[in-house]
Amino acid sequence: MTERAKPWVMRTYSGHSTARASNELFRANLAKGQTGLSIAFDLPTQTGYDPDDANAAGEVGKVGVPVAHLGHVRQLFDGLSLDEMNTSMTINATAAWLWSLYLVLAEEQGADLARLAGTTQNDIVKEYLSRGTYIFAPEPSRRLIVDMIAFAETNVPKWNPINVCSYHLQEAGATPVQEIAYALATAIDVLDAVAASGKVDPSAMPSVVGRISFFVNAGVRFVEEIAKLRTFTAMWDEICRTRYGVQDPAKRRFRYGVQVNSLGLTEQQPENNVARIVLEMLGVTLSSDARARAVQLPAWNEALGLPRPWDQQWSLRLQQVLAFESDLLEYPDLFAGSIVMDAKVRELTLAARAELDDVLALGGAFAAVEELKARLVASQAERVARIESGEQVVVGVNRFTETAPSPLTADLDAAILTVDPDVERQLVEDLAAWRANRDEAAVAAALAELARVVTSDDPADNVMAPSMALARAGGTTGEWANCLRGVFGEYRAPTGVRAGVGRRAASFAALVGRSKALAERRGAPPKLLVAKPGLDGHSNGAEQIAVAARDAGFEVVYQGIRLSPEEIVAVARDEDVDIVGISLLSGSHLALVPRVLDGLAAAGVAVPVVVGGIVPEADAQRLREAGVAAVYTPKDFSLEAIMSDLLAMVEATSVSG
């Protein structure tokens, strides 16, 4: 037995409503033994909108904490010394801005920036591929990442300026091989851009490489996940040594944090999610040679809605029992010399190298976004087909579905946290007061300098300096982002949706037959609009509905994420669709769906509207009363059944018409 190892950093992903409410949550979690902060920001903050922007309507404070200006950051970290924190910020397109606010607050606290420890996620590739909170195109986005890395190297050397995220790739359907290859391709692309930028002295590149961190996923197939992480570790060591000439083994270490899989959490029998979470945690902790440096666990009820503090405490206690009650940390690597594990690692390594070489041949991760997105959508479709056919067992969903009533979900309205809808109004008033008490000339000067710097090719110009100046002057998230929108424009990522996955059950043929019959009778196939209103960028479900609908014989209109209700109405009218399908996962359904319904009525578009997402039953009932034809939630896993329902709606309107 060796000396007991130190436990990993324990986090819970948290933030909601307001900065003050989130500060109370942070303090409570730290008091319960959490050893690091992991901050969830709301969608307007992540996509660069102020609370009073029309694009933010219905989204403020819903899935994280709203941060519009320095005052909110002061409230968020009230009573917390930033030089004593290890803070992880899940922020990407606006990462340079949020980090600037954090650094300015640290300066106000008198902290030495060189002592600050933490991570900005800052991986924009996976936003294009999965999560959807991008703003700018790949090239300018990569430039912002390079500037942050260069600034960190000189000024904040203990900070991880980028957290390359394979987590969201798995959520989007990536196989272990794809997860490894696409994440490593992203890291290579970023490091090559740093080396070519002239913003970092070549002698400092080993240090830059050493600050690259990763954020991975771990599914319930935990033995394979252990092998995946051992493969990641070995391949990253080789890349650092051979491509970047890093000699220090410590700087070649695969440093990663993890949130275990949320994709596999189920609405049905949600108590089973606790077992899934524990098994997934084992996948990133059992192997000491490839153990996570930081772990955050989802809550058992995330498929139902926003977890409560008690739910987050339960997830934290799972970590603490493993780290402090079990004997796991008393032993060296449990898999050293394992024939089975070594064989699995070799298998993954060969496949991941081939996939990585293919991505690099396509020009790298940033250049290959469209192709990688299509591959992930196809992989996700295959996964969904396996579950629907029963080939991939999900306990409580497609097998062992009989259950006694659960006391955990006896009162569903009390089983999740709800955000006060008045928060948005309060934030709008707060923002007006903030703007009324700042130096507008200083804000204008900072914005002008920001616009100059991001168009400059001078290696001495870095986006962080004017961003911090804007933070000090009282600038806002929307002002920072709109300044850059004026320079870079906005980007729409590819959807990755292609017809035909080739693995549909034979019974899908009956759906195709019904669609053909409709086409013969009406002169056109049934037509479905798949729409994602608001700022929610999690598009996996919408993409799978679009692919399945095409395979069932529908003509599908899908234009990607972040459409306004007004744009959805216009598309429905102009495309003459038969059904409007709305996908929402951000909790903004009660705010946004009625706007679509009202708009369709005003435009004279009389078609059924269906909604899919994480919608509590009480909310689903309100939507049905408002005129929604059907509401689908994660428990409705059968795409065949959903397609049959949609066809029945078209058939009914065709007969009545």
Side-chain angles (χ1 to χ4, degrees), residues 1-14 25-26 28-38 86 88 119 163 166-167 170 176 213-233 253-266 270-303 307-336 338 340-341 344 395 408:
M1 186 173 71
T2 60
E3 181 181 351
R4 187 176 179 87
K6 290 179 61 177
W8 51 90
V9 174
M10 300 181 189
R11 294 185 171 126
T12 52
Y13 184 47
S14 54
L25 183 60
F26 292 169
N29 286 342
L30 290 168
K32 294 170 184 174
Q34 180 177 303
T35 52
L37 296 177
S38 180
N86 188 310
S88 173
T119 302
N163 206 213
S166 70
Y167 172 87
Q170 187 179 125
S213 63
F214 293 79
F215 188 69
V216 308
N217 204 326
V220 76
R221 292 171 55 86
F222 71 98
V223 176
E224 184 176 55
E225 293 293 343
I226 294 169
K228 180 189 76 179
L229 291 161
R230 292 171 74 89
T231 302
F232 250 136
T233 298
R253 186 178 300 131
F254 182 71
R255 299 180 310 114
Y256 77 93
V258 64
Q259 172 161 318
V260 304
N261 189 284
S262 294
L263 177 66
L265 301 183
T266 64
E271 61 274 11
N272 299 340
N273 292 332
V274 177
R276 296 183 178 106
I277 290 166
V278 170
L279 291 172
E280 291 161 357
M281 177 172 54
L282 294 179
V284 297
T285 55
L286 282 180
S287 175
S288 65
D289 289 348
R291 181 171 291 149
R293 294 168 65 91
V295 176
Q296 60 192 47
L297 302 181
W300 69 277
N301 56 349
E302 285 194 12
R308 303 156 300 182
W310 182 86
D311 306 315
Q312 292 189 330
Q313 175 184 296
W314 193 358
S315 292
L316 177 61
R317 294 292 186 251
L318 296 178
Q319 293 197 58
Q320 291 167 331
V321 169
L322 178 62
F324 298 111
E325 289 192 28
S326 84
D327 57 351
L328 173 64
L329 299 181
E330 296 174 6
Y331 296 96
D333 194 274
L334 303 179
F335 299 94
S338 165
V340 172
M341 185 59 66
K344 188 63 179 177
V395 173
L408 290 175

(request) Enter the distance from Ile226:CD1 to Leu282:CG here, rounded to the nearest 0.5 Å. (result) 7.5 Å
(message) Tell me which one of Val220, Leu318, Leu322 satisfies side-chain contact (heavy atoms from CB on, under 4.5 Å) with Val278.
(response) Leu318
(message) I need the minimum non-hydrogen distance between Arg4 and Ser326, along with the two atoms involved.
(response) NH2-O, 3.4 Å
(request) Compare every heavy atom of Ala227 with every heavy atom of Lys344, then report the nearest pair and how far apart it is. (result) CG-CB, 3.5 Å
(message) Tell me if the aromatic rings of Phe254 and Phe214 count as close, with their centers under 6.0 Å from one another.
(response) yes
(request) Starting at CG of Asn29, measure out to CG of Leu37 and round the result to the nearest 0.5 Å. (result) 8.5 Å
(message) What I'd like to find out is whether the side chain of Pro298 reaches to under 4.5 Å of the side chain of Ile277, using heavy atoms alone.
(response) yes
(message) Is there a side-chain contact between Leu316 and Gln313 in this structure, where contact means two heavy atoms from C-beta onward sitting under 4.5 Å apart?
(response) no
(message) I want to check something: taking the side chain as every heavy atom from C-beta on, are Glu280 and Val258 in contact at a cut-off of under 4.5 Å?
(response) no
(message) Ignoring hydrogens, what is the shortest heavy-atom contact between Gly33 and Gln320? Give both atom names and the distance.
(response) CA-NE2, 3.6 Å
Distance-only donor-acceptor hits, side chain of residues 286-294, under 3.5 Å, sequence neighbours excluded:
| unit_1 | atom_1 | unit_2 | atom_2 | d |
| --- | --- | --- | --- | --- |
| Ser287 | OG | Arg230 | NH1 | 2.8 |
| Ser287 | OG | Asp333 | OD2 | 2.6 |
| Ser288 | OG | Asp333 | N | 2.9 |
| Arg291 | NE | Thr285 | O | 2.7 |
| Arg291 | NH2 | Thr285 | O | 2.9 |

(message) Does either side chain, that of Asn163 or that of Ser213, offer a donor lying less than 3.5 Å from an acceptor on the other one?
(response) yes
(message) If you define the side chain from C-beta out and look only at heavy atoms, does anything of Trp300 sit under 4.5 Å from Trp314?
(response) yes
(request) Could you check Gln259, Gln319, Arg11 and say which one makes a side-chain hydrogen bond (donor to acceptor under 3.5 Å, both in side chains) with Gln296? (result) Gln259
(request) Look at the side chain of Glu330 and the backbone N and O of Ala5, then say whether any donor-acceptor pair between them is shorter than 3.5 Å. (result) no
(request) Using the side-chain contact (heavy atoms from CB on, under 4.5 Å) rule, take Val295 and Val9 through it: C-alpha gap first, then chi angles, then the decisive distance, then the call. (result) CA-CA 6 Å; Val295 176; Val9 174; over 6 Å; no
(message) Checking the side chain of Lys228 only, and the main-chain atoms of Phe222 only, is there a donor and an acceptor separated by less than 3.5 Å?
(response) no
(request) Assess whether side-chain contact (heavy atoms from CB on, under 4.5 Å) is satisfied between Trp8 and Leu329, documenting all intermediate values. (result) CA-CA 10 Å; Trp8 51 90; Leu329 299 181; 3.9 Å; yes
(request) Using the side-chain contact (heavy atoms from CB on, under 4.5 Å) rule, take Glu302 and Asn273 through it: C-alpha gap first, then chi angles, then the decisive distance, then the call. (result) CA-CA 9 Å; Glu302 285 194 12; Asn273 292 332; over 6 Å; no
(request) Would you name the heavy atoms of Leu408 and Glu271 that are closest together and state the gap between them? (result) CD1-CB, 4.0 Å
(message) Run the side chain to side chain donor-acceptor pair (under 3.5 Å) test on Gln312 and Ser14 for me, step by step, so that the C-alpha distance in whole Å, both residues' side-chain angles and the decisive distance to 0.1 Å come before the verdict.
(response) CA-CA 9 Å; Gln312 292 189 330; Ser14 54; 4.6 Å; no
(message) Is it true that Thr266 and Arg276 share a donor-acceptor pair across their side chains at a distance under 3.5 Å?
(response) yes
(request) Show your reasoning for whether side-chain contact (heavy atoms from CB on, under 4.5 Å) applies to Phe232 and Ser166. (result) CA-CA 11 Å; Phe232 250 136; Ser166 70; 4.0 Å; yes
(request) Ignoring hydrogens and angles, state whether a donor on the side chain of Ser262 or Tyr167 is under 3.5 Å from an acceptor on the partner side chain. (result) yes
(message) Is a donor from one side chain sitting under 3.5 angstrom from an acceptor on the other, for Asn261 and Gln170?
(response) yes
(request) Return yes when atom CZ of Arg221 has more than 12 non-hydrogen atoms of other residues, nucleotides or ligands closer than 6.0 Å, and no otherwise. (result) no
